[in-house]
Amino acid sequence: MINRNEVYQRNQVLTAKPEDLTLMLYNGSVKFLHQAKRAIENKDPAKAHSLIMRTQDILTELMVTLNMEYELSNSLYSLYDYMKQRLVEANMSKDCEILMEVEGMFQELKATWAEAMKSM
């Protein structure tokens, strides 16, 4: 059976501009971290692990797609790397405080990126 929501999301990704994809990745990360916190609170470590790993995968994607010719990209790479390391720590200890820290960073990146998209 075809899941219409999955088809819709796949089409959104396939037709999106690169800057829109970045915003989608930020949004996905915030959503997954929120769900991971809930999973930890509900004593579901396997689900929390899966959601944290999805967020780490998003960070990997953000890191490999940076154009390292720009100084900003070097700074973003370092930030993403830090966030990824914090997620490893959070995943090992199932620490909601760390997840909130990383989620806050994603919220700031998302807001900044959305503002930059408006001015383009």
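When a residue number appears, it is its place in the shown sequence, counting from 1.
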Minimal non-hydrogen separation, [X] against [Y], with atom names:
{"X": "Ser73", "Y": "Leu66", "result": "O-CD1, 3.5 Å"}
{"X": "Tyr80", "Y": "Leu62", "result": "CE1-CB, 3.6 Å"}
{"X": "Tyr77", "Y": "Met68", "result": "CB-CE, 4.0 Å"}
{"X": "Tyr82", "Y": "Met105", "result": "CE2-CE, 3.3 Å"}
{"X": "Ala48", "Y": "Ala36", "result": "CB-O, 3.9 Å"}

Flag side-chain contact, heavy atom, 4.5 Å: [X] against [Y]:
{"X": "Leu87", "Y": "Met83", "result": "no"}
{"X": "Glu71", "Y": "Asn74", "result": "yes"}
{"X": "Leu99", "Y": "Thr55", "result": "no"}
{"X": "Met53", "Y": "Asn91", "result": "yes"}

CA sep, side-chain torsions, deciding dist, call: Thr22, Thr65, side-chain contact (heavy atoms from CB on, under 4.5 Å): CA-CA 10 Å; Thr22 299; Thr65 57; over 6 Å; no
Distance in Å, Leu79 CG paired with Leu59 CG, rounded so as to fall on 0.5 Å steps: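 Rounded to the nearest 0.5 Å, the CG-CG separation comes to 8.5 Å.
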Separation between CZ of Arg38 and NE2 of His34, rounded to the nearest 0.5 Å: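 Result: 4.0 Å between the selected atoms.
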If you count heavy atoms of other groups shown closer than 6.0 angstrom to [atom1] of [X], is the number above 12?
{"X": "Met117", "atom1": "CE", "value": "yes"}
{"X": "Lys47", "atom1": "NZ", "value": "no"}
{"X": "Gln107", "atom1": "CD", "value": "yes"}

Non-neighbouring partners of Glu101 that pass salt bridge (charged side-chain N to carboxylate O under 4.0 Å, His left out), sequence neighbours left out: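 Once residues adjacent in sequence are excluded, the partners of Glu101 under the salt bridge (charged side-chain N to carboxylate O under 4.0 Å, His left out) criterion are Arg86.
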Salt bridge (charged side-chain N to carboxylate O under 4.0 Å, His left out) partners of Lys94, counting only residues at least two apart: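 Counting only residues at least two positions away or on another chain, Lys94 forms no salt bridge (charged side-chain N to carboxylate O under 4.0 Å, His left out).
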Qualifying residue for side-chain contact (heavy atoms from CB on, under 4.5 Å) with Glu89, from Asp95, Ile98, Val102: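 One option only clears the test, and that one is Ile98.
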Backbone N/O of Ala46 and side chain of Ser50: donor-acceptor pair under 3.5 Å: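 No, the answer is negative, given that no donor and acceptor are paired below the 3.5 Å cut-off.
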